[in-house]
Amino acid sequence: YEDFINPDTDVKFHSWLRLRDYARSLQLKTPHAWLGLHDQGKLEGGSPRDPHEVYSKYWISWCDFLAVQRHQAFFLAKEFARELDLKDKEEWTSYC
């Protein structure tokens, strides 16, 4: 409602907050889980595959987006990398 009555309201920011709240409600632990749900068409309509690109102005990190504690970040990154099933450093570099 506020988006329509206040011309100074950043509508994209409010869209970002709604998307982040939605992502957090899914209780996902890795970016790979988000990507997988997107690719399977299981996310709400309009949910971008790459929210860090669409909302780069507001993006902090995947840990922030999914509400994962920062101390878990190393273990999540390790799990994410393993889920990619890459064979060597060259494949990792190509992926990144």
- Do Trp16 and Phe65 come close enough that some side-chain heavy atom pair is under 4.5 Å?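 Yes, side chains in contact.
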Spatial distance of atom [atom1] ([X]) from atom [atom2] ([Y]) [nearest 0.5 Å]:
| X | Y | atom1 | atom2 | answer |
| --- | --- | --- | --- | --- |
| Tyr55 | Ile60 | OH | CD1 | 15.0 Å |
| Arg82 | His32 | CZ | NE2 | 14.0 Å |
| Glu44 | Leu37 | CD | CG | 11.5 Å |
| Leu66 | Lys29 | CG | NZ | 9.0 Å |
| Ser15 | Lys12 | OG | NZ | 8.5 Å |

- For Lys89, enumerate each residue passing the salt bridge (Lys or Arg N to Asp or Glu O under 4.0 Å) test, keeping only those at least two apart in sequence or located in another chain. none
Non-hydrogen atoms of [X] and [Y] that approach each other most closely:
| X | Y | value |
| --- | --- | --- |
| Leu28 | Val68 | O-CG2, 3.9 Å |
| Pro51 | Leu19 | CB-CD2, 4.1 Å |
| Pro48 | Trp34 | O-NE1, 3.1 Å |
| Asp64 | Arg20 | OD2-NH1, 3.4 Å |
| Lys42 | Tyr22 | O-OH, 4.1 Å |
| Glu83 | Thr30 | OE1-OG1, 3.7 Å |

- Kindly confirm or rule out a cation-pi arrangement of Lys57 over Phe13, judged by NZ or CZ under 6.0 Å from the six-membered ring centre and within 45° of its axis?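 No; the conditions do not both hold, so Lys57 does not lie above the ring face of Phe13.
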- Tell me, please, which residues at least two apart from Leu35 pass side chain to side chain contact (heavy atoms under 4.5 Å, CB included).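 Residues passing side chain to side chain contact (heavy atoms under 4.5 Å, CB included) with Leu35: Arg49, Asp50, Tyr95.
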- Item | Ring geometry between Trp62 and Trp59 (parallel below 30°, tilted from 30 to 60°, perpendicular above 60°) | perpendicular
- Enclosure of Gln27 CD (heavy-atom neighbours >12, cutoff 6.0 Å): no
- So, does Ser94 use its side chain to make a donor-acceptor pair with the main chain of Glu90 at under 3.5 Å?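 Pair found, side chain donor or acceptor close to backbone of Glu90.
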